[in-house]
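Remember, it's a predicted structure, so these values are computed and weren't measured experimentally. Chain naming here is simple, since letters A, B, ... match the order of the sequence lines and numbering starts at 1 in each. FYI, side chains are in, hydrogens and waters are out, and symmetry mates aren't considered; it's all heavy atoms of this structure.
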Protein chains: 2
Amino acid sequence: MRDLSKAVGIRAASLYHHFPDKQSLYLDAMEYVFADKAEGITMALNGNGTPFERLEQFVTRFVELMGNDPNFRALLQRELLDGDEARLKLLAERVFIGPFQAIAALAEDLAPDCDPHMLAISMAGLVLFHFETAPIRRFLPGGQPKHNDLKVVAQHVTRLLGKALGEN
Amino acid sequence: MRDLSKAVGIRAASLYHHFPDKQSLYLDAMEYVFADKAEGITMALNGNGTPFERLEQFVTRFVELMGNDPNFRALLQRELLDGDEARLKLLAERVFIGPFQAIAALAEDLAPDCDPHMLAISMAGLVLFHFETAPIRRFLPGGQPKHNDLKVVAQHVTRLLGKALGEN
DNA sequence: GTCTATAGTTTGATAGAC
DNA sequence: GTCTATCAAACTATAGAC
């Protein structure tokens with residue numbers, strides 16, 4: 001609260017005039033940030049084109065979102081790790097449901113015989129894990145700076161999913 | 001430190017006789033736990049069989065490890081999220097290098113034309129993300145209890161990777 | 001709506017007896 | 001090697017003046 005108060009230019013005690021407690025402030029801020037980002041992803045998914053072209057669009061946008069905003073990515077992963085049930089329910093129902101449904105719909109177009117919920121999770125995880133592991137990958141065999149290049153990551157994921165899903 | 005002291009049955013001050021500070025205690029404990037788990041995965045990867053059989057073996061074992069030990073999975077993700085450079089370097093060089101090299105070698109057998117470092121990351125991430133998102137997936141469309149079944153997750157990931165990598 | 005001052009906890013760590 | 005006692009710092013939150 002003290003760090004935040006410095007960042008916004010008022011004293012810590014004054015924050016309690018605008019928010020009842022720390023939890024409420026965090027929750028409001030989180031919802032604001034996530035809703036903002038989710039909109040960008042949903043738009044990328046509602047475009048036209050073949051399923052494979054839309055897959056390419058989604059992967060590219062999602063890679064850019066995660067790569068260009070490390071703080072947002074860390075916040076997302078912290079919520080998945082530490083969020084209690086009530087907070088995750090709120091986050092799911094108010095923010096994630098839109099983009100997730102769009103990804104699942106794309107998944108069903110790409111592979112009608114596959115569980116769309118599971119495939120949607122796989123598609124997102126495939127992108128996210130490359131960024132989640134970025135700080136440790138430099139110390140692992142074969143790690144190169146190019147593996148942090150957004151275009152290289154997007155191409156790798158797109159090709160892998162394309163081959164897995166028939167590339168039609 | 002106080003919680004831990006209760007768990008082990010001595011007073012908090014006594015912990016400082018065995019470890020110089022909280023960081024050292026945490027680091028020692030972490031290294032012990034990770035080394036223990038990494039051995040199991042490496043063994044599953046050094047078996048015989050066709051590349052696809054070894055892929056099936058790896059995915060099954062990795063899914064079981066993450067599914068049966070949620071605390072270990074959370075610890076792994078917390079390190080990736082919060083670990084400073086020195087700690088991640090130590091973790092990578094002393095613990096992860098073994099299993100990672102084995103996964104990368106399998107990746108090269110499965111797809112010689114693909115970057116083995118990137119494919120290894122994708123293989124691990126595909127498994128991990130299904131567990132990382134477990135607490136929020138119940139609130140997302142299409143989420144069912146069976147998606148937390150270890151066999152269902154293993155089969156989904158194996159099929160997806162099998163199709164992507166030619167299944168030979 | 002912001003401030004100063006401070007209450008009430010909790011934390012990591014130390015001193016020194018036994 | 002474990003204990004009691006305690007320190008110094010940091011934290012969330014409140015009280016009350018302006």
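In the model, A:Gln77 has no side-chain atom that pairs as donor or acceptor with a side-chain atom of B:Gln77 under 3.5 Å. Donor-acceptor pairing under 3.5 Å is lacking for the side chains of A:Arg138 and A:Asn148. Looking at A:Asn46 and A:Arg54, their side chains never bring a donor and an acceptor atom within 3.5 Å of each other.
Taking only side-chain nitrogens and oxygens, B:His17 never comes nearer than 4.0 Å to OP1 or OP2 of D:dT2. Contact annotation: B:Ser14 side-chain N/O to D:dG1 OP1/OP2 distance is not under 4.0 Å.
Of the residues in residues 81-88 of chain A, none has a non-hydrogen atom less than 4.0 angstrom from any atom of DNA chain D.
In this structure, B:Phe139 has its ring center at least 6.0 angstrom away from the ring center of A:Phe96. Ring centroid separation for the pair A:Phe62 and A:Phe58 comes in under the 6.0 Å cut-off.
Closest to the side chain of B:Ile10, from the set C:dC3, D:dT2, D:dT4, is D:dT2. Of the candidate nucleotides C:dT2, D:dG1, D:dC3, C:dT2 has the atom lying nearest to any side-chain atom of A:His18.
Looking at A:Lys37 and A:Val95, their side chains never come closer than 4.5 Å, going by heavy atoms from C-beta outward.
Apart from B:Ile10 itself, the hydrophobic cluster it occupies contains B:Met1, B:Leu4, B:Val8, B:Leu15, B:Tyr16, B:Phe19, B:Leu25, where clustering links Ile, Leu, Val, Met, Phe, Trp and Tyr at side-chain heavy-atom distances under 4.5 Å.
Across the protein-nucleic acid pair, A:Phe19 atom CZ and C:dT2 atom C1' stand 15 Å apart, rounded to whole Å.
Note: the hydrophobic cluster containing A:Tyr26 also contains A:Leu80 (ILVMFWY, side chain heavy atoms under 4.5 Å, direct or indirect links).
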Subject >> Under 4.0 Å protein heavy-atom contacts per nucleotide of nucleotides 11-18 of chain C, with B for base, S for backbone only and - for none >> reply: BBBBB---

